[in-house]
Every structure is written in C-alpha cells, then in structure tokens.
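First the structure, in the form of structure tokens, and then the observations on it.
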Amino acid sequence: MEDSFIQGFQLADDIERLPDTRFKVAVGGRLNYYINQMLVMRTYYRYYTDDWGITSNTASIELPVKVTDKFTLYPSCRYYNQTAADYFAGYEQHLSTEEFYTSDYDLSEFNANAYGFGVSYTDIFTSFHLGKFGLKSIDLKYLYYERNTGLTSGLISGGLKFVVDR
C-alpha cells in the first residue's frame, strides 16, 4: 500500500495492535549498608519479565553523605536495560496482516542511565512553623537521564515535608 499524505502529513496505515492482557512479574530487593556516621550506601535491584517478551534489569545506588546534622548530599546512579517486546518493530517495518504489532519505542530494546545529585535539609525539632505545621525537611534534586536511542532529559525536583503539631 502506498503512503497517504494530507498537507504534507503522513497518515498511518493502521493503529498499533496489542493483546488485551499482559502478565507481568517483577522481583526486586534493596540492600542498605551503614558505612560510618557520615556515609550510607543504598542499593536497589529489580528483574522484570512479561508475556509480551520483555525482560529488564534495573540497578541503582545512592550514597547519602551527611555533611552536618541538618544537611545531606546524595549522589545517585541508575542503570536500566530492556529487551524488545515480541510485537515491536520500527516505523513502517510491520505488515498489517500480523496479529499484534507496535512501533512504540518504549517497547523496544534499549539501555538507559540516570545520574543525579541532591541536597536535603532536615530539622528533627521542626523549629520553623506555618500555622500548626512544622517543617520537617526540604529536598532538592537534579537528575540527568539518557537512553542509548538518543533520548536525553534533565529533571529538577523538590519536596517539602511537614508534621502536624499537637
């Protein structure tokens, strides 16, 4: 079938077709190791598989460093790899006669890495208050994400934790 265009925009021949069900199994674990009063090692590993043919591995490590009683710096690193779904093929590589197919690259084979750095302020005595709420902690983190497919991104996140005074 020849490609169809309207005002330079290529029309799809068909939408993706995937099974109505998906059986997933994930097994993971965490290991935290207290190195000394200033440094803790936090690790995580997960194995994933499903009946669409995807298997993946995730491994991460975070090394929080307690700089003072209130400030902690925490660098982190995460690795991820994934096999392609049985139904995946690149753009215009499928036949519409196939029972199931997709060109969604989140279902393709890829590797990804994430590198981050954060800072946390913790006040166990909650000396700062907003009404009946005491500020427990403030977190700020930057994360750089990259895939071997060329996708990259940067993320800045922040968080506040409050406790209710009684």
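What you are looking at is a predicted structure, and each value in this text was computed from that prediction instead of being measured. Throughout, residue positions are numbered sequentially from 1 according to the sequence presented.
The aromatic ring centres of Phe71 and Tyr121 sit less than 6.0 Å apart. Taking the six-membered ring for Trp and the full ring otherwise, Tyr105 and Phe88 have centroids separated by under 6.0 Å.
Hydrophobic clustering of Ile, Leu, Val, Met, Phe, Trp and Tyr side chains at less than 4.5 Å, counting indirect connections, keeps Val163 apart from Leu160. Tyr33 and Leu39 fall within a single hydrophobic cluster, where Ile, Leu, Val, Met, Phe, Trp and Tyr side chains are chained together by heavy-atom contacts under 4.5 Å. Val27 and Tyr44 are assigned to two separate hydrophobic clusters, defined by single-linkage of ILVMFWY side chains at heavy-atom distances under 4.5 Å.
Here Tyr80 is tied into one hydrophobic group with Phe110, Tyr145, Leu151, each link being a pair of ILVMFWY side chains closer than 4.5 Å.
With salt bridges taken as basic N to acidic carboxylate O contacts below 4.0 Å, none links Lys161 and Asp123.
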For a side-chain contact (heavy atoms from CB on, under 4.5 Å) check, start with the C-alpha distance between Arg42 and Ser76, then their side-chain angles and the critical distance, and finish with the verdict. CA-CA 9 Å; Arg42 297 180 184 160; Ser76 63; over 6 Å; no
Please evaluate residues Leu140 and Ile156 with respect to the criterion side-chain contact (heavy atoms from CB on, under 4.5 Å), reporting the C-alpha separation (whole Å), side-chain torsions for both, the decisive distance (0.1 Å), and the verdict. CA-CA 7 Å; Leu140 182 64; Ile156 297 173; 4.0 Å; yes
Met41 vs Ile61, side-chain contact (heavy atoms from CB on, under 4.5 Å): CA-CA, chis, key distance, verdict: CA-CA 7 Å; Met41 181 175 61; Ile61 186 168; 3.7 Å; yes
Evaluate the criterion side-chain contact (heavy atoms from CB on, under 4.5 Å) for residue pair Tyr48 and Ile54; output intermediate values, then yes/no. CA-CA 8 Å; Tyr48 168 91; Ile54 294 176; 3.9 Å; yes
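Note that NZ of Lys141 and CD of Glu62 are 5.0 Å apart. Values are rounded to the nearest 0.5 Å. To the nearest 0.5 Å, the span separating CD1 on Ile138 from NZ on Lys70 amounts to 11.0 Å. How far OH of Tyr47 is from OG of Ser56: 8.0 Å, rounded to the nearest 0.5 Å. Note that OH of Tyr101 is 3.5 Å distant from CZ of Arg17, once rounded to the nearest 0.5 Å. Between Met38 atom CE and Thr68 atom OG1 the span is 10.0 Å, to the nearest 0.5 Å.
Annotation for Glu98: atom CD counts as buried by contact number, over 12 foreign heavy atoms lying within 6.0 Å. Heavy atoms of other residues, nucleotides or ligands lying less than 6.0 angstrom from CG of Asp69 number 12 at most. In this structure, Tyr34 places its OH atom where more than 12 heavy-atom neighbours from other residues, nucleotides or ligands lie under 6.0 Å away.
The main-chain N or O of Glu146 is never found under 3.5 Å from a side-chain atom of Thr152 such that the two would form a donor-acceptor pair. Judged purely by atom type and a 3.5 angstrom limit, Ser120 has no side-chain atom pairing as donor or acceptor with the backbone of Leu73. The backbone N or O of Thr55 lies less than 3.5 Å from no partner atom in the side chain of Thr49, so there is not a single donor-acceptor pair. A donor-acceptor pair under 3.5 Å is formed between the side chain of Asp51 and the backbone N or O of Phe23. Within the 3.5 Å criterion, the main-chain N or O of Gly90 finds a donor-acceptor partner in the side chain of Ser103. One N or O on the side chain of Asn81 and one on the backbone of Asn57 form a donor-acceptor pair closer than 3.5 Å.
Here the closest non-hydrogen pair linking Ser108 and Gln82 is O-NE2, 2.9 Å. Across every non-hydrogen atom of Leu143 and Ala114, the tightest pair is CD1-CB, 4.0 Å. Nearest approach of Tyr74 to Pro64, heavy atoms of both residues: CB-CA, 3.8 Å. Residues Gly154 and Tyr142 approach most closely at CA-OH, 3.8 Å, considering heavy atoms.
By the salt bridge (charged side-chain N to carboxylate O under 4.0 Å, His left out) test, Asp139 is found to be paired with no residue, residues two or more places apart in sequence or in another chain being considered. Remark: Arg22 pairs with Asp50 by the salt bridge (charged side-chain N to carboxylate O under 4.0 Å, His left out) rule, at least two apart or across chains.
Using a 30° and 60° split on the angle between ring planes, Phe162 and Phe133 fall in the perpendicular class, above 60°.
Residues Asp104 and Glu16 form a side-chain contact, since some pair of their non-hydrogen atoms from C-beta on lies under 4.5 Å apart.
Checking Thr102, Thr21, Leu18 one by one against Trp52, the side chain to side chain contact (heavy atoms under 4.5 Å, CB included) holds for a single residue, Leu18.
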